[in-house]
Every structure is written in structure tokens, then in C-alpha cells.
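These notes are about the structure you will find just below.
The first residue in the sequence is number 1, and the count goes up from there.
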Amino acid sequence: MNDQQLIALPKRFSGRVVFGTKDTNTLFKVAGFRPEDEEGATIPGVTIEIVLRTGVAADRCKYTFTLFHLSNQKQRRVYQLEVVPRDKRSHNGPPRLYGPHEHYGDDVRPVQNDLCCTDYKLWLELFCSRICLTLEAELPEPFGDDHGM
């Protein structure tokens, strides 16, 4: 299955999602899960990872939502949505980008919309729509005291 087919494949997840800390930096919270296909079978080699930087003002966010596929025993990014403030350089290039952007494999594109850092649920919905994921699990907010965040 190629990347476009994997992105287009209907996926779902209804399990429990828990955030842990990143080994290399405790300001980052990480959640990962393995989606299922329409039949309820786990999709071999496919992982979804959500990384949130905490401990900063809500308008200085850094979120990454990533669809990985295991290939040759290495996790390979198939799709990623990276969310940062519009005035922050987010990709050194080429191309050099500021603000939110998407990776389709090695192709990088800016995200053109009116969402801001505090629109966490809308960013998550955008990610799910891009990768055909129905997410039936509740995820904790990245800020506040919700589920230990």
C-alpha cells in the first residue's frame, strides 16, 4: 500500500488515549495509538502520534499530529500536521515556512486557514479529516488541569 492509499484508507480509533512525557524533554506530552480499519482490525505497521508542548502560553503552541507507517523496520512519516503560531518559523526549508504546515511524505505545504493555537480540537479535526480517521476517543486538552495536563 502506497502513502496515498494509506492516507485514503478509512481508519478509526475508539480506545483510551493517554499522554505521557517525551523522554528527551518533559515539556512535551506524547500520545500514540494504533488505528483500526473498517473491519476493526489493527492496520499493520500504522501508528498515530500526537505531541503537544506544554508549559507555555496557549498562544505559543507547538502541536504535531503524525501518521506513521513502519517500513523496513523504521517509522516513516506518511502525513504530519505541525501547528505553531503564524509568526513563528516552522520549517527551515526548502521551502522556508512560518506558521502551521503539513508534510505529505517529503512534500511540505503551508496550511491556509483561520485557526489559531487555542483551536486545539479544530486542529485535531483537520488532522483526522486529512487522514480519514474517525476518532471516537476523548483526548485531553493540551492546557489546563484536564486529565493531568
Side-chain angles (χ1 to χ4, degrees), residues 1-22 24-38 40 42-43 45-69 75-149:
M1 178 178 321
N2 68 32
D3 288 356
Q4 290 176 335
Q5 291 169 322
L6 182 57
I7 289 170
L9 178 73
K11 294 168 276 305
R12 65 182 195 86
F13 183 77
S14 59
R16 185 164 183 247
V17 176
V18 178
F19 284 97
T21 57
K22 196 171 183 180
T24 57
N25 189 332
T26 58
L27 290 179
F28 284 87
K29 303 288 185 186
V30 180
F33 56 91
R34 299 193 56 206
E36 300 172 343
D37 63 18
E38 292 180 305
T42 302
I43 305 167
V46 175
T47 306
I48 293 174
E49 181 182 81
I50 300 171
V51 179
L52 312 170
R53 184 177 64 205
T54 60
V56 296
D59 64 345
R60 301 308 301 169
C61 64
K62 172 139 178 137
Y63 315 138
T64 58
F65 304 91
T66 310
L67 171 66
F68 287 107
H69 187 235
Q75 267 195 337
R76 188 177 51 77
R77 177 183 62 207
V78 174
Y79 173 82
Q80 182 178 65
L81 173 62
E82 184 172 335
V83 180
V84 298
R86 296 212 177 272
D87 63 344
K88 182 176 179 359
R89 186 165 64 187
S90 60
H91 193 264
N92 290 328
R96 177 178 269 177
L97 296 174
Y98 287 79
H101 66 272
E102 302 170 286
H103 293 261
Y104 288 89
D106 293 328
D107 185 33
V108 182
R109 305 173 193 168
V111 174
Q112 303 296 329
N113 64 28
D114 293 327
L115 299 179
C116 64
C117 282
T118 56
D119 294 322
Y120 171 73
K121 288 182 180 179
L122 296 175
W123 285 113
L124 178 60
E125 288 175 14
L126 177 65
F127 172 72
C128 290
S129 70
R130 293 284 208 259
I131 66 164
C132 300
L133 173 66
T134 300
L135 190 59
E136 298 162 346
E138 286 292 318
L139 292 175
E141 293 286 334
F143 306 107
D145 201 17
D146 197 16
H147 299 283
M149 294 294 282

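Residues Cys132 and Leu9 form no side-chain contact, since every pair of their non-hydrogen atoms from C-beta on lies 4.5 Å or further apart. Side-chain atoms of Tyr120 and Leu52, non-hydrogen and from C-beta on, do get closer than 4.5 Å to each other. Using a 4.5 Å cut-off on side-chain heavy atoms (C-beta onward), Phe28 and Thr64 make no contact. Looking at Leu126 and Asn113, their side chains come closer than 4.5 Å, going by heavy atoms from C-beta outward. Ile131 places a side-chain heavy atom less than 4.5 Å from the side chain of Ile48. Under the 4.5 Å side-chain criterion, counting only non-hydrogen atoms from C-beta, Tyr63 is not in contact with Ile50.
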Trace of the side-chain contact (heavy atoms from CB on, under 4.5 Å) decision for Gln80 with His101: CA-CA 8 Å; Gln80 182 178 65; His101 66 272; 5.5 Å; no

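The stretch residues 95-109 participates, sequence neighbours left out, in these salt bridge (charged side-chain N to carboxylate O under 4.0 Å, His left out) pairs: Glu102-Arg130, Asp107-Arg109.
Listed here is the closest heavy atom pair of His91 and Pro95: ND1-O, 2.9 Å. Taking all atoms of both residues into account, the shortest heavy-atom contact from Tyr98 to Ser90 is C-OG, 3.8 Å. Contact detail for Cys61 and Arg53: the closest heavy-atom pair is O-NH2, 3.8 Å. A pairwise comparison of heavy atoms in Ala137 and Val17 identifies CB-CG2, 4.1 Å as the closest pair. Closest non-hydrogen pair, Arg86 versus Val111, comes out as NH1-O, 3.6 Å.
To the nearest 0.5 angstrom, Leu67 atom CG is 12.0 Å from Leu81 atom CG.
Residues forming a side chain to side chain donor-acceptor pair (under 3.5 Å) with His69 (at least two apart in sequence, or on another chain): none. Taking Arg12 as the reference, Glu36 meet the side chain to side chain donor-acceptor pair (under 3.5 Å) condition, with sequence neighbours excluded. Asp114 pairs by the side chain to side chain donor-acceptor pair (under 3.5 Å) definition with nothing, not counting sequence neighbours. When the ring pair (Phe, Tyr, Trp, His ring centres under 6.0 Å) test is applied to Phe13, the partners found at least two apart in sequence or on another chain are Phe33. Residues that satisfy the ring pair (Phe, Tyr, Trp, His ring centres under 6.0 Å) test with Tyr104, not counting sequence neighbours, are Tyr79.
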